[in-house]
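In what follows, a structure is listed as structure tokens, so that the remarks can point back to it.
No experiment lies behind these values; they were computed from the predicted model shown.
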Amino acid sequence: QVQLVESGGGLVQAGESLRLSCTASDRAFSTYTMGWFRHAPGTERDFVAAIRWSGGITYYANSVKGRFTISRDNAKNTVYLQMNSLKPEDTAIYYCAARQYGNIGTRRYEYSNWGRGTQVTVSS
């Protein structure tokens, strides 16, 4: 089972940027479709973005489209989430998730591996 470790969270002001990273322990990282989810207090863990294991296909939640960019570096076993124009409503714990050889999924049950999360706080 692949282990995932997120980093890059922090406290920023509205309008600023952050880049989250998620590094995987599996050398077969290139075979995993990777996703980012977030969990704010009082809400469900919601889909944010995903990138397919092959073809570079990406998909975003409507709430982040145009502001967030997901990318991956297979040589570094790492997936990134570049977050620009951050808003207070982006405040949440951000989780990295992985599914091997899968198509892009937007539901939690579609991913079998999860990191422990990194906190992002956006002040107004």
Side-chain angles (χ1 to χ4, degrees):
Q1 190 164 355
V2 61
Q3 293 186 341
L4 305 172
V5 179
E6 302 96 334
S7 61
L11 171 63
V12 296
Q13 293 188 334
E16 295 185 339
S17 299
L18 276 176
R19 188 177 79 158
L20 304 183
S21 300
C22 171
T23 301
S25 62
D26 195 336
R27 286 184 293 179
F29 174 75
S30 64
T31 66
Y32 288 88
T33 287
M34 302 299 296
W36 286 97
F37 288 73
R38 65 186 181 186
H39 187 193
T43 70
E44 299 290 325
R45 189 177 296 190
D46 294 325
F47 171 78
V48 175
I51 184 165
R52 196 172 182 271
W53 67 278
S54 71
I57 298 170
T58 59
Y59 188 75
Y60 298 90
N62 287 335
S63 58
V64 306
K65 201 174 295 183
R67 299 189 297 123
F68 290 12
T69 302
I70 188 171
S71 62
R72 64 191 302 157
D73 185 340
N74 290 338
K76 295 183 178 180
N77 285 9
T78 300
V79 62
Y80 303 98
L81 185 67
Q82 177 67 44
M83 306 186 296
N84 298 330
S85 302
L86 282 161
K87 304 175 181 180
E89 51 263 44
D90 294 318
T91 295
I93 299 174
Y94 283 71
Y95 296 90
C96 174
R99 57 182 306 204
Q100 196 168 25
Y101 293 121
N103 284 320
I104 285 179
T106 62
R107 296 176 174 81
R108 287 173 291 168
Y109 69 81
E110 295 178 288
Y111 294 84
S112 53
N113 303 279
W114 291 85
R116 293 190 174 185
T118 185
Q119 176 71 48
V120 172
T121 303
V122 184
S123 63
S124 57

How long is the gap from [atom1] on [X] to [atom2] on [Y], to the nearest 0.5 Å?
| X | Y | atom1 | atom2 | value |
| --- | --- | --- | --- | --- |
| S112 | Q1 | OG | CD | 6.5 Å |
| R52 | T58 | CZ | OG1 | 12.5 Å |
| E110 | R108 | CD | CZ | 11.5 Å |

Taking the side chain as C-beta and beyond, is there a heavy-atom pair between [X] and [Y] under 4.5 Å?
| X | Y | result |
| --- | --- | --- |
| V64 | R38 | yes |
| V2 | F29 | no |
| N113 | Y32 | yes |

Classify the side-chain pair R27/N77 by whether it contains a donor and acceptor separated by less than 3.5 Å.
-> no
Could you report the tightest heavy-atom contact between [X] and [Y], atom names first, then the distance?
| X | Y | answer |
| --- | --- | --- |
| A24 | L4 | CB-CD2, 3.7 Å |
| A98 | M34 | CB-SD, 3.5 Å |
| G105 | A50 | O-CB, 4.3 Å |
| V79 | C96 | CG1-SG, 3.9 Å |
| V48 | Y94 | CG2-CE2, 4.3 Å |
| A49 | L81 | CB-CD1, 4.1 Å |

To which residues is [X] joined in a hydrophobic cluster, defined by side-chain heavy-atom contacts under 4.5 Å among Ile, Leu, Val, Met, Phe, Trp and Tyr, whether direct or through other members?
| X | result |
| --- | --- |
| Y80 | none |
| W114 | F37, F47, I57, Y59, I93, Y95, I104, Y111 |
| V5 | none |

Given T33 and N103, is the side-chain contact (heavy atoms from CB on, under 4.5 Å) satisfied, shown in steps?
-> CA-CA 7 Å; T33 287; N103 284 320; over 6 Å; no
T31 side-chain N/O to Y101 backbone N/O, donor-acceptor pair under 3.5 Å | no
Any donor-acceptor N/O pair, R72 side chain to N74 backbone, under 3.5 Å = no
With sequence neighbours left out, the residues meeting salt bridge (charged side-chain N to carboxylate O under 4.0 Å, His left out) with R67 are D90
Return all side-chain donor-acceptor pairs below 3.5 angstrom for residues 13-21, not counting sequence neighbours, or 'none' if the list is empty.
unit_1, atom_1, unit_2, atom_2, d
E16, OE1, Q13, N, 3.0
S17, OG, N84, OD1, 2.9

For T121, all residues meeting side-chain hydrogen bond (donor to acceptor under 3.5 Å, both in side chains), sequence neighbours excluded | Q119
